Amino acid sequence: RKPSHHRMAPPPRHLLLLPVLLLVSLLRAAQMETVHAAAGEGDRDEGARALLALLQRVQSEALRALGPRDFDPKLYVDLPLAPGADRAAAEAALATVTTRGEMEAFLARYFARAGSDLVEADPPDFEAEPRGFLPRVASGEARAWALQVHALWKDLARRVAPSVAARPDRHTLLPLPGRVVVPGSRFREVYYWDSYWVVRGLLVSKMYDTAKDIVLNLVYLVEEYGFVLNGARSYYTNRSQPPLLSSMVLELYTATGDLGLVRRAFPSLLKEHSFWVSELHNVEIMDNHGRDEELASKLNSTAAKEKLYHQIASAAESGWDFSSRWMSNSTDMTTLVTTFVIPVDLNTFICKMERDIAVFAELIGEKATAELFSQASKARHTAIESLLWNSEMEQWLDYWLPTDGNCQGPYKWESKSQNHNIFASNFVPLWLNAHNSGLGPFLDEAKSVRVMRSLQTSGLVCPAGIATSVSNTGQQWDFPNGWAPLQHLIAEGLLNSGSTEAKEFAEDIATRWVRTNYAAYKSSGAMHEKYDVEACGKSGGGGEYKP
């Protein structure tokens, strides 16, 4: 859909509206720590803020001069200043731009091409046909396609240009130490939760060095900002994304035995965990057994005028931007209440993080930390089962806090506060079946089978995969769209549930998804970020930007 006039900044997957850029990113900019720049710290931060403010004005004026047809707001906040161009001169010149021709000439004079501050970087560990690649895939046609997809790593591998670190006041792109893999198309930077599946894919492709670079880039972001940013842009410094860094480290360690990587990442994993269990994200609830439990959730913003922007940024942080899952009225984006939702999947990811940290602590001899995080993961497991599990539906449900702001002490758990609408996220805890981390199973086989039966009758399972929800709202994280991460999380959980029937169902889900990807690739020559699961080979739609 065409962006409306008030939706001015990079829309999701990773959304920023113009007011969010103005009110939120600039607030967080003051917290940006040291990058390697020639200017002093104060000058550097001031320059970065000034560039972002200029690009927001450029974005607004470009919409006015060029019109909404095929307008991509993200393009303008990704523009680096052209070599030799002066920001102050660009600000003055922008005031005189009125026509399409003047805008095009202005952009050509003062700005370089979006993405030009990333340079090509052929990964040295890429081989056209890696030894041991997909050994169980016998079909010649399937193998040929798999190798074509494998070859895309060369197209998506980049390095951040040295000029970005040298002059951060001329770029919204952030410097990173290693090679990067970008999602592609309009997404010209690293994204957090995308990177988990990038790493999984690189490991299938036997590209262990590139996978390690991806992980170390994210570790660097934690060191610089205290958490992994949504994406490696200055306008993403106000939020994170689903926390999967520990899972990336574990996958790489399992594949390579690189204990040095575990030691290198360990302090950053502790720092990231502190971010996700800080007061910003936590709320206390007394469950129906009288126990106090803490679950990750976002609390209310302090300024009423920023409320909507806060909800928008939080929805983007969830990875599900946007979905009726976060709206009190599924037809009205202004009813986002993301910060009042305790999400099933976020708590699943944090439980996994705590399990992973316990394992890493044991590996490096931090016995006390291992015990601490083992207990933390067990407590979160109990909280997920106590507060989010619904035994009638045999699913885990998001829990909605009251939005009136009149909290007195811990919230009292009420069954009516569970969101009884059906979303694919209701089944994400199955994924913990695949990642016991030596701490015991998350679910027993019998419960896994009950959850599988619930999924089978949920209305989510369609001819081409699992739909994101059963509500067709026009949002991209709703029916009929299916997204690869959700297929993978659920299928991998079923595959490792101990049930033969669940394993067969997992293979069925995976087969449906692979077939629609293959059909779309054969017709379009590309992989797509989302698919319409009602029709094989049809790409998804809806949302705030062209897929």
Side-chain angles (χ1 to χ4, degrees), residues 12-15 192-193 196 227-228 230 239-244 247 272-273 275-285 287 293-301 310-328 330 335-354 377 379-390 393 395-403 411 413-415 417-432 442 451 460 466 468-469 471 475-478 483 485-486 489-490 493:
R13 259 171 11 211
H14 320 284
L15 172 105
Y192 183 6
W193 82 317
Y196 173 69
F227 60 97
V228 183
N230 182 147
R239 62 174 183 265
S240 187
Q241 260 193 335
L244 289 164
S247 294
E272 184 187 35
H273 182 266
F275 167 77
W276 282 105
V277 300
S278 67
E279 289 186 4
L280 176 68
H281 291 91
N282 274 268
V283 64
E284 191 171 333
I285 296 180
D287 70 11
E293 304 288 358
E294 287 191 1
L295 281 180
S297 167
K298 297 297 289 293
L299 296 182
N300 193 17
S301 61
H310 188 65
Q311 305 301 330
I312 288 167
S314 295
E317 184 170 67
S318 77
W320 286 51
D321 44 356
F322 291 105
S323 171
S324 60
R325 184 181 174 196
W326 314 121
M327 301 176 192
S328 58
S330 63
T335 67
L336 284 166
V337 289
T338 325
T339 64
F340 296 93
V341 178
I342 298 177
V344 169
D345 43 1
L346 175 58
N347 280 280
T348 299
F349 295 140
I350 297 176
C351 185
K352 170 69 159 56
M353 180 199 303
E354 289 163 344
S377 71
R380 192 171 300 273
H381 180 174
T382 299
I384 291 171
E385 293 298 285
S386 297
L387 305 179
L388 305 182
W389 174 250
N390 185 290
M393 294 177 65
Q395 301 173 21
W396 296 269
L397 306 179
D398 293 338
Y399 189 87
W400 283 41
L401 302 172
T403 59
Y411 293 94
W413 185 90
E414 296 183 86
S415 60
S417 294
Q418 289 185 325
N419 184 353
H420 289 75
N421 295 321
I422 295 175
F423 299 95
S425 52
N426 296 5
F427 301 92
V428 166
L430 284 169
W431 184 56
L432 293 173
F442 185 78
V451 175
L460 292 172
I466 298 172
T468 308
S469 77
S471 302
Q475 299 295 341
Q476 64 172 357
W477 285 85
D478 273 316
W483 290 76
L486 298 176
L489 292 168
I490 294 171

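Being a predicted model, the structure only gives us computed values, none of them experimental. Hydrogens, waters and symmetry mates are skipped; everything else that's a heavy atom, side chains included, is used.
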Which word best sums up how the rings of [X] and [Y] line up, parallel for under 30°, tilted for 30 to 60°, or perpendicular for over 60°?
X	Y	answer
F275	F227	parallel
W320	F423	perpendicular
F442	W396	tilted

Please list, chain by chain and in numerical order, all residues satisfying salt bridge (Lys or Arg N to Asp or Glu O under 4.0 Å) with E354, sequence neighbours excluded.
-> R380
Residues that D345 engages under salt bridge (Lys or Arg N to Asp or Glu O under 4.0 Å), provided they are two or more places apart | R325
Run the numbers on Y411 and I285 for side-chain contact (heavy atoms from CB on, under 4.5 Å), then give the verdict.
-> CA-CA 5 Å; Y411 293 94; I285 296 180; 4.1 Å; yes
Do the side-chain N and O atoms of S471 and D478 include a donor-acceptor pair separated by under 3.5 angstrom?
-> no
Look up atom [atom1] in [X] and atom [atom2] in [Y], then write down how far apart they are to the nearest 0.5 Å.
X	Y	atom1	atom2	result
S469	Q475	OG	CD	10.0 Å
I490	L460	CD1	CG	7.5 Å
N390	N419	CG	CG	11.0 Å
L244	I350	CG	CD1	10.5 Å
H420	Q395	NE2	CD	10.0 Å
L388	D398	CG	CG	7.5 Å

Are any non-hydrogen side-chain atoms of [X] and [Y] less than 4.5 angstrom apart?
X	Y	value
L401	V283	yes
P429	V344	yes
I312	F322	yes
Q418	M393	no
N426	L397	yes
I466	L486	no
N230	E317	no

State, to 0.1 Å, how close [X] and [Y] come at their nearest heavy-atom pair, and which atoms those are.
X	Y	result
Q476	W483	O-NE1, 3.0 Å
P243	W276	CB-NE1, 3.4 Å
F340	P402	CD2-O, 3.5 Å

State which residues pass side-chain hydrogen bond (donor to acceptor under 3.5 Å, both in side chains) with S377; sequence neighbours excluded, sorted by chain then number.
-> none
Q241 vs V228, side-chain contact (heavy atoms from CB on, under 4.5 Å): CA-CA, chis, key distance, verdict | CA-CA 8 Å; Q241 260 193 335; V228 183; over 6 Å; no
Heavy-atom donor-acceptor pair, [X] side chain to [Y] backbone, under 3.5 Å:
X	Y	result
Y399	E414	yes
S324	S330	no
S318	A315	yes
W326	S314	no

For side-chain contact (heavy atoms from CB on, under 4.5 Å), just list the numbers for N347 and I384, CA-CA rounded to whole Å, side-chain angles, deciding distance to a tenth of an Å, and then say yes or no.
-> CA-CA 7 Å; N347 280 280; I384 291 171; 4.1 Å; yes
Trace of the side-chain contact (heavy atoms from CB on, under 4.5 Å) decision for S247 with F349 = CA-CA 9 Å; S247 294; F349 295 140; over 6 Å; no
